[in-house]
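Below: the structure, in structure tokens.
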Amino acid sequence: ALLNGIAHVPSNDHILVAQSGGTDIFELDANGALLSTTSLASLGIVNIQGLAYNARNQTLLVVDNTNSTVYVFDASFCQGS
């Protein structure tokens with residue numbers, strides 16, 4: 001799988017990653033252990049091409065290449081999914 005999005009969450013030192021053409025966001029701890037997987041398919045996201053985390057607003061931006069859309073989420077949606 002081709003990694004196509006990565007974002008660091010400083011508050012918990014977690015890493016969020018997505019693969020090209022995928023619909024899932026994988027949350028990893030600082031050692032690379034998988035903590036959770038969050039599917040965005042039910043939101044219509046079909047081709048994640050980028051992730052960005054805004055620490056000030058605690059929001060996650062997700063770029064969907066197929067839909068040519070940037071989605072903004074409260075970053076807490078990933079934790080514990």
Query raised in the report: N31: what forms a side-chain hydrogen bond (donor to acceptor under 3.5 Å, both in side chains) with it, not counting sequence neighbours?
Result: none

Report summary line: Sorted by chain and residue number, the side chain to side chain contact (heavy atoms under 4.5 Å, CB included) partners of A41 (sequence neighbours excluded) come out as T23, S39

Report task. Give, for atom CD1 of I6 and atom CD of Q19, the distance between the pair rounded to the nearest 0.5 Å. Result -> 13.5 Å

Requested in this report: Show the numbers, then the answer: is there a side-chain contact (heavy atoms from CB on, under 4.5 Å) between E27 and T38?
Outcome: CA-CA 8 Å; E27 182 177 11; T38 302; over 6 Å; no

**Report entry** Co-membership, hydrophobic cluster, residues L43 and V62, 4.5 Å side-chain
**Finding:** yes

Requested in this report: Mark yes or no for whether S42, through its side chain, and L40, through its backbone, hold a donor-acceptor pair below 3.5 Å.
Outcome: no

Report task. Sequence neighbours left out, what passes side chain to side chain contact (heavy atoms under 4.5 Å, CB included) with N57? Give chain and number order. Result -> N54, T59

Report summary line: dist I15:CD1 -> L51:CG (nearest 0.5 Å) comes out at 11.0 Å

Requested in this report: Not counting sequence neighbours, which residues clear side chain to side chain contact (heavy atoms under 4.5 Å, CB included) with N4? List them please.
Outcome: S20, Q49

Query - pair D13-H8: side-chain heavy atoms closer than 4.5 Å - result: yes

Query raised in the report: Who are the side-chain hydrogen bond (donor to acceptor under 3.5 Å, both in side chains) partners of T66, not counting sequence neighbours?
Result: N47

Query raised in the report: Cluster question for you: counting only ILVMFWY and a side-chain heavy-atom cut-off of under 4.5 Å, with indirect links fine, are V72 and V63 together?
Result: yes

Report summary line: To the nearest 0.5 Å, atom CG of L3 lies from atom CZ of F26 at 10.5 Å

Report task. For the pair L60 and L16, evaluate side-chain contact (heavy atoms from CB on, under 4.5 Å) and give the outcome as yes or no after the intermediate values. Result -> CA-CA 9 Å; L60 179 67; L16 304 174; 3.8 Å; yes

Requested in this report: Decide whether L61 and I25 are clustered together by the hydrophobic rule: side chain heavy atoms of Ile, Leu, Val, Met, Phe, Trp, Tyr closer than 4.5 Å, transitively.
Outcome: no

Query - A55: side chain to side chain contact (heavy atoms under 4.5 Å, CB included) partners, not counting sequence neighbours - result: P10, Y53

Query raised in the report: Donor-acceptor pair, D24 side chain versus T37 backbone, under 3.5 Å?
Result: no

Requested in this report: Kindly say whether L34 contributes a backbone atom to a donor-acceptor pair with the side chain of D29 at under 3.5 angstrom?
Outcome: no

